[in-house]
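All remarks here apply to the structure that follows.
For this chain, numbers begin at 1 and follow the sequence in order. For the numbers below, each heavy atom of this structure counts, side chains included, while hydrogens, waters and symmetry mates do not.
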Amino acid sequence: PTRRSSDLLETEQKAPPVHHASSTPDRPAAGKFAVIIGVARYQNSGSGLANLQFADRDAEGFRDFLLSSEGGSFPKANVRVLLNEEATAQNVRSAFYTFLTQAQPADEVVIYIAGHGAPDPNDPRNLYLLTYDTKLDDMGGTAFPMRQIQDVFANVLKAKRVVTFADTCHSFGFSGARRGKKNSNNLVNQYLAHYANDADRAVITASDISQLSYESDQFGGGHGVFTYYLLKGLHGEADANKDGTVTAGELFAYVRDNVAKATSGNQSPMAVPGLAERIPLSGAALRNTTRGRTETPASSRDKSGAPLR
């Protein structure tokens, strides 16, 4: 398989083991909104920035799940999907700062990100999500600052229930870039500190600190191993207690165990401490529920030499 790193939304602390597979799922949210970002092709690739293989396909698979009855039948109007050339810095900012203002306190917001993340070569203290139009020598003006994610969580999102899946990288998206220092992830701890402490939110990332994240055509014809098992779990295989509903706790346990097994322990998905384990993510608890509102609210790869994520 090929490999890509996945450090963008990670923390130094490991979440406690999940022991609540038999817990009763929480009630579904009233309305449902999602932002899905998948960037495999970059406008300025070739000058130190390598394209990916399957980040866009991963995002498409996750989108299709959310639109299905199993995933809660998210209304299409409530799902903002940005793939490749659509995922410009302006469009990503608009998705977070304008589109998600529609979600009300009783609603649910789901965020999925697949692509490159990296520190600014001009100032490595600043970490960015690399958008389609990012210029490596001008990240400050052309990429999306990860510090703004904390601002979105704290000041934009009114929804109490927010679920985030991230398959991104720290410094490995650069051709020939050296491996980042482990303590550089302290930046991410800072960005997510307020967010992770909220009782009804969940963040699951593709790998542990300083690990690589694998992707290969052997996973469902072409997926990151994280998203491959994420989707298999959401489609029912993570339902440990066989009650017809997959909760966040069950999903994390399934993805963590299967990804570790598939990669011989080289990749370990992480949950940010404070994972709201009983949030229902798929299955019976999401069927026949109220659909999300659509009205305007009042106010290094191994063998192939493929790039790293």
Side-chain angles (χ1 to χ4, degrees), residues 1-10 34-46 49-68 71 79-88 92 110-118 129-134 164-175 177 204-208 211-235 237 251 254-256 258-264 266-270 300-309:
T2 56
R3 300 180 296 182
R4 60 201 182 203
S5 70
S6 178
D7 294 343
L8 189 55
L9 288 178
E10 317 260 336
V35 167
I36 300 171
I37 300 168
V39 189
R41 300 191 308 272
Y42 291 83
Q43 184 177 36
N44 299 302
S45 64
L49 175 59
N51 285 331
L52 294 168
Q53 282 189 310
F54 304 123
D56 49 354
R57 193 166 187 263
D58 287 347
E60 289 173 328
F62 189 77
R63 172 204 62 195
D64 293 345
F65 167 74
L66 292 186
L67 297 177
S68 72
V79 180
R80 180 63 54 86
V81 182
L82 301 175
L83 303 176
N84 296 318
E85 63 273 6
E86 300 166 338
T88 62
V92 169
V110 176
I111 297 169
Y112 176 93
I113 303 172
H116 281 314
L129 171 65
L130 303 193
T131 55
Y132 172 75
D133 53 343
T134 293
T164 303
F165 300 104
D167 191 353
T168 53
C169 72
H170 188 218
S171 61
F172 304 102
F174 296 82
S175 303
I204 299 177
T205 64
S207 63
D208 201 350
Q211 286 182 330
L212 296 174
S213 181
Y214 290 77
E215 64 175 5
S216 169
D217 55 12
Q218 77 182 52
F219 300 117
H223 279 294
V225 61
F226 171 74
T227 296
Y228 175 69
Y229 284 108
L230 180 73
L231 293 174
K232 284 175 70 71
L234 288 169
H235 282 298
E237 292 197 15
L251 180 65
Y254 173 85
V255 172
R256 176 194 60 199
N258 280 278
V259 169
K261 182 178 180 180
T263 61
S264 301
N266 290 316
Q267 182 177 337
S268 306
M270 296 295 297
S300 67
R301 306 239 187 237
D302 262 343
K303 298 177 182 178
S304 66
L308 304 157
R309 175 173 295 185

*How far does OG1 of Thr164 sit from CD1 of Ile113, to the nearest 0.5 angstrom?*
7.0 Å
*So, does Asn258 use its side chain to make a donor-acceptor pair with the main chain of Tyr229 at under 3.5 Å?*
no
_For Ser45, all residues meeting side-chain hydrogen bond (donor to acceptor under 3.5 Å, both in side chains), sequence neighbours excluded_ = Asn51
*Exercise: identify the closest heavy-atom pair between Gly38 and Ala59*: CA-CB, 3.7 Å
*Side-chain donor/acceptor of Gln267 to backbone N/O of Ala206, under 3.5 Å*: yes
Atom pairs and distances, donor-acceptor, side-chain atoms in residues 60-68, under 3.5 Å, two or more places apart:
from: Ser68; atom 1: OG; to: Phe65; atom 2: O; distance (Å): 2.6
from: Ser68; atom 1: OG; to: Gly71; atom 2: N; distance (Å): 3.2

*Residue pair Leu49 / Asn44: nearest heavy atoms and the distance that separates them*: CB-O, 4.1 Å
*In Å, rounded to the nearest 0.5 Å, how long is the span from CZ of Phe219 to CZ of Arg57?*
13.0 Å
*Give a yes or no answer on whether the side chain of Asn84 reaches the backbone of Arg41 with a donor-acceptor pair at less than 3.5 Å.*
yes
*Provide the closest heavy-atom pair for Val225 versus Ala262 in the form atom of the first, atom of the second, distance.*
CG2-CB, 4.1 Å
*Does any non-hydrogen side-chain atom of Glu85 lie less than 4.5 Å from one of Gln43?*
no
*Report yes if the side chains of Tyr112 and Leu230 come closer than 4.5 Å at any heavy-atom pair, otherwise no.*
yes
*When rounded to the nearest 0.5 angstrom, what distance separates CG in Leu231 from CG in Leu251?*
9.5 Å
_Taking every non-hydrogen atom, the tightest pair across Asp58 and Gly222_ = OD1-O, 4.5 Å
*Just by modelled atom types, is the His116 backbone N or O under 3.5 Å from a matching donor or acceptor in the Tyr42 side chain?*
yes
*Any chance you could measure Asp167, atom CG, to His223, atom NE2, to the nearest 0.5 Å?*
11.5 Å
*So, do Phe54 and Asp217 sit near enough that their side-chain heavy atoms are less than 4.5 Å apart?*
yes
*Are Phe226 and Ile204 close enough that some pair of their side-chain heavy atoms sits under 4.5 Å apart?*
yes
*Taking C-beta and beyond as the side chain, do Val39 and Leu130 meet within less than 4.5 Å on heavy atoms?*
no
*Only counting residues at least two apart or in another chain, list the ones meeting side-chain hydrogen bond (donor to acceptor under 3.5 Å, both in side chains) with Thr134.*
Thr131
*Shortest non-hydrogen contact from Ala87 to Ile37?*
CB-CG2, 4.2 Å
